[in-house]
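Notes follow once the structure below has been shown.
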Number of protein chains: 2
Amino acid sequence: MTQPPSTQEALADEGLTVRDRHALMHHEIRQRICLLDYLPGMRLSEAALAEEFGTSRTPIRRVLARLEDEGLVQSFHGVGTLVTDADFDALEQVYRLRVELTAMTGRLDPVPPDFGYIARFDQLVLRGAAIVQSGTARAFTQFDIDVFLTLQELTANQPLRQTLERLYFQTKRLWLRAAEEAQLDLEEEFKIFQHQLEAIQCALKSGDVEAVAHIQRAHISMSFNRLQQKAR
Amino acid sequence: MTQPPSTQEALADEGLTVRDRHALMHHEIRQRICLLDYLPGMRLSEAALAEEFGTSRTPIRRVLARLEDEGLVQSFHGVGTLVTDADFDALEQVYRLRVELTAMTGRLDPVPPDFGYIARFDQLVLRGAAIVQSGTARAFTQFDIDVFLTLQELTANQPLRQTLERLYFQTKRLWLRAAEEAQLDLEEEFKIFQHQLEAIQCALKSGDVEAVAHIQRAHISMSFNRLQQKAR
DNA sequence: GAATTTCATGATGTGTACAACACCAGTGAT
DNA sequence: ATCACTGGTGTTGTACACATCATGAAATTC
């Protein structure tokens, strides 16, 4: 009996290439940083991570180097590898660029959604409805990541997707931190997000990918404004 | 008597931190790829590069990993590290994104040029005039890189700069390859570029950074169209 | 008692040997 | 003659020992 392996087990699996193992570790650590399992300023030990993932420091160092290029950690010789702090002012530029780039997804190589895609999105909307009723900020963030990755499929422009993914994971921590510090009205945030999902769902069914992009853009912009408001 | 050290000598210098050495090697290898010293498909030997830069494979591997993330090389286990080929169709998406992002530099955190900046730009225009008269495609490309990096200073938005730099170095090889294959009228290309520089110079002196961005955008777009035309 | 020095500790960065892998030439059987 | 196999060679990937550096506590000196 074979069951889908967990992330940790997958690393021990033998059917994976080097690139796959690297991607898995990168995703996992990035996820932990964005879900605030690793808080800003926290020191990541290469040795500890190596032991956890059942490998040596060398592959871990490669992953951390990539995360450093992406702005999520920073290494200091003799000190350690520290999670960068999600400072509002420093990330304002990232947020504004994200807003503009999101609008662009509708114009640059849009991918018309097929039936399978719309069905998958319907599933997401259902999942979201459950979170509205009883969900934690953490579960919501994980959900938000899934929605983001799904919506990314609507653009065939690879460099645009790659760039947006970077920016997304750089800014995502801001929202979650504000939410956990009770600066945001969680219930209201959930409802707004659900409304956005339904609007996107509607646009998808009419095949209007550009409208989807504009809805996203508007909501990212408004979310940023709410953050800005509460941060002061 | 102290003179500015060359790239190779700088690596032997002792006053440099780890990060500086990494940046130097990264810049140097990136430059070689974009100036077609390393042709697409060519195999880069980690051992040879390590010896040349007077270090071991370990730091070289980190540089190559970054270049792989940037899409300039690709490593294959047991085969080698190959320079990616500058395929026109594959880079079309990059080009189009670059066009849009360049226009954005005028809107997102523009930096008003001061007298020192304008003076430096005047120097560039003079250098360009010399290339128009008697210049190789290679010298022109090197000049183009300098102009690009100078114009980047007009945006304070760091993530935007970082992204544009990536895209720029991904696409730059296309032009040079087309030029060396005599698909482009070099003299005409030089003149067009010089006209662009003068237009930008004019916009700079009136302090209109957004106009600078639009001039750039127009020329990148037109340059791409000329490439597309000649490639078929 | 306070400032300074020393040194133990633990972190990242580097060098190197070896493992895993792909490619190719040569060899043999069919 | 052709195909399959096998070993040699060179490459990237990994593990580990060591160098280098920053930090803080303890010892020492004034």
Side-chain angles (χ1 to χ4, degrees), chain A residues 8 10-29 33 38-85, chain B residues 8 10-29 33 38-85:
Chain A
Q8 280 83 352
L11 292 172
D13 196 18
E14 286 301 326
L16 291 172
T17 175
V18 170
R19 224 176 239 108
D20 294 334
R21 280 205 300 272
H22 174 78
L24 277 171
M25 291 193 289
H26 175 256
H27 272 68
E28 177 64 24
I29 298 178
I33 292 174
Y38 296 155
L39 287 169
M42 180 173 166
R43 206 175 60 201
L44 302 186
S45 165
E46 294 179 353
L49 287 171
E51 191 179 9
E52 182 195 345
F53 288 105
T55 179
S56 78
R57 275 179 57 213
T58 308
I60 295 289
R61 282 181 59 73
R62 183 174 172 163
V63 172
L64 290 180
R66 183 170 165 193
L67 289 170
E68 184 165 11
D69 286 339
E70 294 171 346
L72 294 180
V73 303
Q74 203 166 358
S75 290
F76 301 95
H77 190 180
V79 180
T81 301
L82 309 181
V83 178
T84 57
D85 39 333
Chain B
Q8 280 81 354
L11 291 172
D13 196 19
E14 284 302 325
L16 292 172
T17 175
V18 170
R19 224 176 238 106
D20 294 333
R21 281 204 299 272
H22 175 78
L24 277 172
M25 291 193 291
H26 175 257
H27 273 67
E28 177 63 25
I29 297 178
I33 293 174
Y38 296 156
L39 287 170
M42 179 173 167
R43 208 175 56 199
L44 302 185
S45 164
E46 295 179 354
L49 287 172
E51 191 180 9
E52 182 195 347
F53 288 104
T55 180
S56 77
R57 276 180 57 211
T58 309
I60 295 289
R61 280 180 60 73
R62 182 172 172 162
V63 172
L64 290 180
R66 184 170 162 192
L67 289 170
E68 183 165 12
D69 286 339
E70 293 171 347
L72 294 181
V73 304
Q74 203 165 358
S75 290
F76 300 95
H77 190 181
V79 179
T81 301
L82 277 50
V83 178
T84 56
D85 42 332

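All figures in this text were calculated on a predicted structure; none of them were measured in a lab. We name chains A, B, ... by the order of the sequence lines, and we start the count at 1 in each one. What's counted below: heavy atoms across the whole structure, side chains too, no hydrogens, waters or symmetry copies.
- Residues passing the side-chain contact (heavy atoms from CB on, under 4.5 Å) test with A:His77, sequence neighbours excluded: B:Val18.
- Going from atom CE of A:Met25 over to atom CG of A:Leu67 covers 10.5 Å, rounded to the nearest 0.5 Å.
- The nearest heavy atom of DNA chain D to B:Ser75 and to A:Val79 marks one nucleotide each, and the one closer to the 5' end goes with B:Ser75.
- The distance from atom CD of A:Glu51 to atom CD1 of A:Ile60, rounded to the nearest 0.5 Å, is 11.0 Å.
- Heavy-atom contacts of chain A under 4.0 Å fall on DNA chain D between two terminal nucleotides, which in 5' to 3' order are D:dG13 to D:dA22.
- Put simply, the side chain of B:Leu44 reaches to within 4.5 Å of the side chain of B:Val83, judged on heavy atoms.
- Bracketed by its first and final contacts, the part of DNA chain C lying under 4.0 Å from non-hydrogen atoms of chain A reaches from C:dG10 to C:dT14 in 5' to 3' order.
- The side-chain contact (heavy atoms from CB on, under 4.5 Å) test applied to A:Thr58 returns A:Ser56, not counting sequence neighbours.
- In this structure A:Ser75 satisfies the side chain to side chain donor-acceptor pair (under 3.5 Å) test together with A:Thr81, sequence neighbours excluded.
- Rounded to the nearest 0.5 Å, atoms CZ (A:Phe53) and CG (A:Leu24) are 9.0 Å apart.
- Atom-to-atom distance recorded for B:Met42:CE and B:Thr84:OG1 is 13.5 Å, nearest 0.5 angstrom.
- In terms of the side-chain contact (heavy atoms from CB on, under 4.5 Å) criterion, residue partners of A:Leu82 (sequence neighbours excluded) are, by chain and number, A:Arg43, A:Phe76.
- For B:Arg62, the side-chain contact (heavy atoms from CB on, under 4.5 Å) partners are A:Arg61, A:Ala65, A:Glu68, B:His22, not counting sequence neighbours.
- Among residues two or more places apart in sequence or in another chain, the side chain to side chain donor-acceptor pair (under 3.5 Å) test is passed with B:His27 by none.
- Near DNA chain C, defined here as any heavy-atom distance below 4.0 Å, the residues from residues 42-50 of chain A are A:Arg43, A:Leu44, A:Glu46, listed numerically.
- For DNA chain D, the neighbouring residues in residues 56-67 of chain B, judged by any heavy atom under 4.0 Å, are B:Arg57, B:Arg61.
- A distance of 10.5 Å separates CD of B:Glu28 from CD1 of B:Ile33, quoted to the nearest 0.5 Å.
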